[in-house]
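As the structure is a computational prediction, the values presented were derived from the model and not from experiment. Computed from heavy atoms alone, side chains included, the values below leave out hydrogens, waters and symmetry copies. Within every chain, numbering begins at 1; the chains are lettered A, B, ... in the order of the sequence lines, protein sequences first and strands thereafter.
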Protein chains: 2
Amino acid sequence: MVKRISHRDALCPVARPLDAIGDWWSLLIVRDAFGGLRRFGEFQKSLGLAKNILSARLKNLVEHDVLETVPASDGSAYQEYVLTEKGRGLFPLLVALRQWGEDYFFRPSEGHVTLVDRKRGKPVRRLELRAQDGRLLEPEDTYVKAC
Amino acid sequence: MVKRISHRDALCPVARPLDAIGDWWSLLIVRDAFGGLRRFGEFQKSLGLAKNILSARLKNLVEHDVLETVPASDGSAYQEYVLTEKGRGLFPLLVALRQWGEDYFFRPSEGHVTLVDRKRGKPVRRLELRAQDGRLLEPEDTYVKAC
DNA sequence: CCATTAGGTTGCATATTACAACCAGACAAG
DNA sequence: CTTGTCTGGTTGTAATATGCAACCTAATGG
């Protein structure tokens, strides 16, 4: 679980988060959490992974403050896992992953699920990167700078 | 490397791409590719990972059509790895990951690198999800629908 | 009570990862 | 054309993570 980040990457905001969500299952757990799942058993049923693995992943996500445990909402003595503010901050990332998946991992003939605006029931707009002044930015229009 | 996607997830555009980029290193390789790195040795020096692992990752990325190999640009007999169109499609995802990392993985006192608009040298705008009609969307304002 | 469900933990087999050594094909110098 | 070095890998082999099944305890349901 613990990966060693090379010295060069210690200050890179792309590398650091990978300890928290860099494995296969964590993003799917977060996706399901956005979908409203809260209970250990719900996640396990949805993902079909071994319980010890789910347990480890949930623990890791809680340690990294992506999820937090709260008393069960139905009054039982069990606990539930809900997204923290930090966890909710993953929404754009998940949408970006989803849009990339839609674009490149499905043949036109294949059906897939898509994210829609609850109010209108229409697909959401495509994510795009813009400059402060609103210009659309391609990868070549940007670079990383020490700050 | 090959993960079995549970039946329930077969149609989810979040789950499928994880075969291609769901591991720790692949996203860092893609980040470096956006940064202009092209040669095996450049990636290895930048990431500090074992050569066999890098070799496997590059192979996987090429198989998934995220990278492609081209003859070296300096005229030598070696090859280089460059992003495909599909690979370039990962740009928003990488930006989302970077912004999340900047927000939650650095103390204010800590320095980090940041993505800037080449033309003005100013930080880029924050990614945000909008509906077709332009309304800003929070996670609660959306749901996934079969399509 | 007794049975069942929720939410795990523990062993153990297997697969993945990492590190290091090795190696073959350019390439460069003499 | 021969020696040495760099590039881009491919083997070992050891450490680690993963997956599966069995087990276990506390809640809950009847």
Side chain to side chain contact (heavy atoms under 4.5 Å, CB included) against B/Asp141, all qualifying residues, sequence neighbours excluded: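 Residues passing side chain to side chain contact (heavy atoms under 4.5 Å, CB included) with B/Asp141: B/Leu137, B/Glu138.
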Rounded to whole angstrom units, what separation is found between the [atom1] atom of [X] and the [atom2] atom of [N]?
X       : N      : atom1 : atom2 : value
B/Asp19 : C/dT16 : CG    : P     : 11 Å
B/Ile53 : D/dG8  : CD1   : P     : 18 Å
A/Gln79 : D/dA27 : CD    : P     : 12 Å
A/Leu37 : C/dA6  : CG    : C1'   : 15 Å
B/Asn60 : D/dG9  : CG    : P     : 15 Å
A/Asp23 : C/dA15 : CG    : C1'   : 16 Å
B/Leu49 : D/dA15 : CG    : C1'   : 17 Å
B/Glu42 : D/dC6  : CD    : C1'   : 14 Å

Is there a side-chain polar atom (N or O) of [X] under 4.0 Å from OP1 or OP2 of [N]?
X       : N      : result
A/Trp25 : D/dG19 : yes
A/Gln44 : C/dA6  : no
B/Tyr81 : D/dT7  : no
A/Arg39 : C/dG7  : yes

Partner set under salt bridge (charged side-chain N to carboxylate O under 4.0 Å, His left out) for B/Asp74, not counting sequence neighbours: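 Here the qualifying residues are B/Arg39.
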List, with names and distances, any nitrogen or oxygen atoms from the protein found under 3.5 Å away from nitrogen or oxygen atoms belonging to nucleotides 27-30 of chain C.
unit_1 : atom_1 : unit_2  : atom_2 : d
C/dC27 : OP1    : B/Ala77 : N      : 2.4

Flag, side chain of B/Ser26 to backbone of B/Asp23, donor-acceptor distance under 3.5 Å: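 Between the backbone of B/Asp23 and the side chain of B/Ser26 there is no qualifying donor-acceptor contact (under 3.5 Å).
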A/Gln44 side-chain N/O to A/Ala50 backbone N/O, donor-acceptor pair under 3.5 Å: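 Flag not set: sc A/Gln44 to bb A/Ala50 has no pair under 3.5 Å.
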B/Gln99 side, atom CD; B/Glu128 side, atom CD - distance, nearest 0.5 Å: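 Reported to 0.5 Å precision, the distance equals 9.5 Å.
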Polar atom pairs (N or O), protein with nucleotides 9-11 of chain C, under 3.5 Å:
unit_1 : atom_1 : unit_2  : atom_2 : d
C/dT9  : OP1    : A/Lys59 : NZ     : 3.4
C/dT9  : OP2    : A/Ser55 : OG     : 2.7
C/dG11 : O6     : A/Asn52 : ND2    : 3.4

B/Glu80-B/Thr69 side chain donor-acceptor pair, cut-off 3.5 Å: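 No - no donor-acceptor pair under 3.5 Å links their side chains.
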Side-chain touch [X]/[Y], heavy atoms, less than 4.5 angstrom:
X        : Y        : answer
B/Leu47  : B/Glu42  : no
B/Arg120 : A/Gln132 : no
A/Trp100 : B/Pro13  : no

Nucleotide nearest B/Ala50 (side chain, heavy atoms from C-beta), chosen from D/dG19, C/dT17, C/dC19: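 Nearest listed nucleotide: C/dC19.
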Basic-acidic side-chain contact under 4.0 Å: A/Arg16, B/Glu110: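 Yes.
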Carboxylate-amine/guanidinium proximity below 4.0 Å for A/Asp117 and A/Lys119: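 No.
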Cut-off 3.5 Å, no hydrogens considered: what does the side-chain donor-acceptor table look like for residues 82-98 of chain B, sequence neighbours left out?
unit_1  : atom_1 : unit_2   : atom_2 : d
B/Thr84 : OG1    : B/Asp65  : O      : 2.6
B/Thr84 : OG1    : B/Val66  : O      : 3.0
B/Thr84 : OG1    : B/Lys86  : N      : 3.3
B/Thr84 : OG1    : B/Gly87  : N      : 3.0
B/Lys86 : NZ     : B/His64  : O      : 2.9
B/Arg88 : NH1    : A/Glu140 : OE2    : 2.3
B/Arg88 : NH2    : A/Glu140 : OE2    : 3.3

The helix from C/dC1-D/dG30 to C/dG30-D/dC1: angle between end helix axes, five pairs per end, rounded to 10 degrees: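 Inter-axis angle at the ends, rounded: 30°.
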